[in-house]
Amino acid sequence: MAISETARSNHELPLTTTDSSSKKATAKKLTLVPLVFLIYFEVAGGPFGEEPAVQAAGPLLAILGFLIFPFIWSVPEALITAELSTAFPGNGGFVIWAHRAFGSFVGSMMGSLKYLSGVINVASFPVLCVTYLDKLFPVLESGWPRNVCIFASTVVLSFLNYTGLAIVGYATVVLGLVSLSPFLVMSAMAIPKIKPHRWGSLGNKKKDWNLYFNTLFWNLNFWDNVSTLAGEVDNPQKTFPLALLIAVIFTCVAYLIPLFAVTGAVSVDQSRWETGFHAEAAEMIAGKWLKIWIEIGAVLSSIGLFEAQLSSSAYQLEGMAELGFLPKFFGVRSKWFNTPWLGILISALMSLGLSYLDFTDIISAANFLYTLGMFLEFASFIWLRKKLPELKRPYRVPLKIPGLVVMCLVPSAFLVLIIVFATKIVYLICGLMTVGAIGWFFLINYFREKKIFEFNEVSDDLDNNVNGEHPRVDDHDS
């Protein structure tokens with residue numbers, strides 16, 4: 001049964017079954033405030049994890065990095081997300097953009113690279129959570145207690161995700177406010193102790209550019225991940241741009257205030273600025289009570305980060321099933337909570353397996369794969385402007401194509417740095433995953449041709465979609 005003209009004119013993608021379509025139509029949608037905090041947790045979740053930038057390059061370069069990098073990277077990525085998510089508000093997100101620009105192969109590669117970077121990123125949050133917990137409970141520093149804690153936290157948090165995106169959205173509001181509150185207290189109490197000359201220090205050790213750039217990138221990227229939730233947002237054409245604007249400002253302020261406070265008030269050896277140092281600084285500034293409060297906040301932040309990014313990964317699989325890049329069963333929804341339970345399960349299992357890698361390698365691998373996907377995203381954005389100039393864009397970046405090229409070239413230069421400074425193990429992991437993504441495209445095509453699984457129809461007829469209509473998708477096999 002073909003999707004109706006009304007649905008297509010509103011840019012809505014069909015679900016994999018008639019029942020799930022009716023469920024989705026009546027499902028509770030995300031509103032502005034929960035969406036802002038979901039974006040916040042997709043990207044940051046608080047200043048937890050910014051400390052290695054100081055360890056790598058000293059206070060001055062760390063501060064400059066978090067001041068300048070949002071304009072080089074975060075703002076352009078948020079602008080692209082705002083334009084394309086409002087033009088194509090379906091759960092495929094960036095997969096839809098690449099597919100519409102360059103066809104099914106590039107769409108599949110975009111989906112695979114971004115999905116893999118997403119689940120690798122999800123794997124880092126239980127590790128980050130336990131890293132803060134082991135400062136309160138040293139037994140969690142290594143061995144089976146640490147492994148059991150990572151496993152248990154992944155299972156429990158995945159179940160919370162299963163209960164529904166609206167619940168997750170409101171949970172992130174509470175988690176965000178509670179996890180940030182100790183930093184506001186610490187920053188206020190640090191004011192009398194601040195010595196501004198400390199902000200100008202370049203550090204006393206050799207610069208670790210790999211750690212520095214990866215820390216900035218990891219803390220300020222993934223703005224486009226929320227695009228995979230576009231189909232779940234109430235009035236996305238208006239809500240998305242405003243939510244992204246608020247989230248960009250909120251995220252940058254949340255990083256900079258504690259960074260200025262701690263680097264100005266605390267003088268320690270540069271090597272101590274590793275992940276989790278903010279908690280130690282809180283004890284130096286105010287006492288053990290604030291250290292414990294920040295460690296609790298870190299755990300809550302990790303929960304929010306996990307929930308937001310697991311949601312994006314799971315709904316991306318559903319969107320790819322709607323587009324025909326995956327078998328229909330990848331889009332199946334729970335009868336009880338109307339959530340893509342299979343996508344949640346697959347994403348959680350993959351992240352669980354990856355969570356036992358070294359934390360730095362996890363971050364670097366996620367960044368590398370995300371970098372490859374971003375090259376495709378920039379190209380898709382510019383090509384869609386050229387190929388579909390009459391496409392209805394409720395929000396439009398106020399630049400012509402030459403300006404858009406410049407806007408994308410600046411962050412692209414930074415992406416090249418991420419690739420250049422990667423380690424051998426990251427090259428190996430990402431190389432194998434990229435080859436696997438190419439092989440996956442041909443394997444899926446084989447399954448489709450042999451009718452081994454049921455698929456929605458994939459259309460590469462992009463020229464007929466000037467009015468913003470998605471490719472026709474039928475409920476039968478392609």
Side-chain angles (χ1 to χ4, degrees), residues 30-50 53 62-87 89 93-94 97 114 118 121 169 172-173 175-177 179-180 183-184 213 215-230 233 235-260 301 304-305 308-309 311-312 367 370 373-374 377-378 381 393-399 403-404 406-408 410-412 414-415:
L30 282 170
T31 53
L32 178 64
V33 174
L35 181 60
V36 168
F37 278 87
L38 270 172
I39 296 171
Y40 171 67
F41 277 109
E42 293 279 7
V43 177
F48 311 99
E50 70 176 349
I63 291 169
L64 289 176
F66 280 99
L67 275 171
I68 297 171
F69 189 68
F71 295 97
I72 296 174
W73 177 259
S74 301
V75 171
E77 190 182 7
L79 288 173
I80 291 170
T81 302
E83 176 170 320
L84 295 181
S85 291
T86 55
F94 35 72
W97 313 341
K114 288 295 191 81
N121 204 39
T172 58
V173 175
L175 291 169
L177 295 175
S179 63
L180 280 175
F183 286 97
L184 295 176
F213 286 122
T215 300
L216 289 177
F217 193 61
W218 185 68
N219 279 281
L220 288 165
N221 68 0
F222 291 100
W223 293 95
D224 60 339
N225 272 15
V226 74
S227 68
T228 64
L229 307 176
V233 175
N235 194 7
Q237 285 84 355
K238 292 183 178 179
T239 305
F240 250 101
L242 180 57
L244 283 161
L245 172 64
I246 296 171
V248 167
I249 297 170
F250 186 44
T251 298
C252 294
V253 171
Y255 276 126
L256 286 168
I257 290 178
L259 188 59
F260 271 108
S301 175
L305 288 160
Q309 303 222 5
S311 294
S312 288
N367 286 347
Y370 189 81
M374 284 309 301
E377 186 170 312
F378 289 149
F381 173 62
R393 293 172 170 87
Y395 173 80
R396 187 183 184 95
V397 178
L399 294 171
L404 297 179
V406 173
M407 186 184 84
C408 293
V410 175
S412 293
F414 184 81
L415 295 178

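Being a predicted model, the structure only gives us computed values, none of them experimental.
Screening residues 37-46 for salt bridge (Lys or Arg N to Asp or Glu O under 4.0 Å), with sequence neighbours left out, gives no hits. Pairs passing the salt bridge (Lys or Arg N to Asp or Glu O under 4.0 Å) check and including a residue from residues 218-228, sequence neighbours excluded, read Lys114-Asp224.
Between Phe48 and Phe183, the ring planes are perpendicular. Angles over 60° get that label, and only those under 30° would be called parallel. Aromatic ring pairs are classed by plane angle as parallel below 30°, tilted from 30° to 60° and perpendicular above 60°; the pair Phe414 and Phe217 is tilted.
When all heavy atoms of Asn121 and Trp218 are compared, the closest pair comes out as OD1-NE1, 2.6 Å. Of all non-hydrogen atoms in Gln309 and Gly118, the two that sit nearest each other are OE1-O, 4.5 Å. Across all their heavy atoms, Leu180 and Pro47 have their closest contact at CD2-CD, 4.0 Å. For Pro411 against Pro76, the heavy-atom pair with the smallest separation is CG-CB, 4.5 Å. Summarising the geometry of Ala78 relative to Val248, their closest heavy-atom pair is CB-CG2, 3.9 Å, with the distance given to 0.1 Å.
Two residues are said to be in side-chain contact when any heavy atoms from C-beta on lie closer than 4.5 Å; Trp73 and Leu216 fail this criterion. A 4.5 Å side-chain heavy-atom check between Phe378 and Ile80 finds at least one atom pair inside the cut-off.
Ser301 places a side-chain N or O within 3.5 Å of a backbone atom of Gly45 that can act as its donor or acceptor partner. Proximity of a side-chain donor or acceptor of Asn219 to a complementary backbone N or O of Gly49 within less than 3.5 Å is detected.
Looking at residues two or more places apart in sequence or on another chain, you find a ring pair (Phe, Tyr, Trp, His ring centres under 6.0 Å) between Phe260 and Trp199. Residues forming a side chain to side chain contact (heavy atoms under 4.5 Å, CB included) with Val397 (at least two apart in sequence, or on another chain): Leu79, Glu83, Phe381, Arg385, Tyr395, Leu399, Leu404, Met407. Applying the side chain to side chain contact (heavy atoms under 4.5 Å, CB included) rule to Ile68 yields the partners Leu64, Ile72; only residues at least two apart in sequence or on another chain are considered. Every residue two or more places apart in sequence or in another chain was checked for a ring pair (Phe, Tyr, Trp, His ring centres under 6.0 Å) with Phe71, and none qualifies. Applying the side chain to side chain contact (heavy atoms under 4.5 Å, CB included) criterion to Leu175, with sequence neighbours excluded, gives Phe41, Leu300, Ile303. Contacts of Thr251 classified as side chain to side chain contact (heavy atoms under 4.5 Å, CB included), with partners at least two apart in sequence or in another chain: Tyr40, Val43, Ala44, Leu220, Trp223, Tyr255.
With rounding to the nearest 0.5 Å, the separation of CD1 in Ile39 from CG in Asn225 is 11.0 Å. For the atom pair CD of Glu377 and CD of Glu77, the computed distance is 6.0 Å after rounding to the nearest 0.5 Å. Expressed to the nearest 0.5 Å, how far OG of Ser74 lies from CZ of Phe222 amounts to 12.0 Å.
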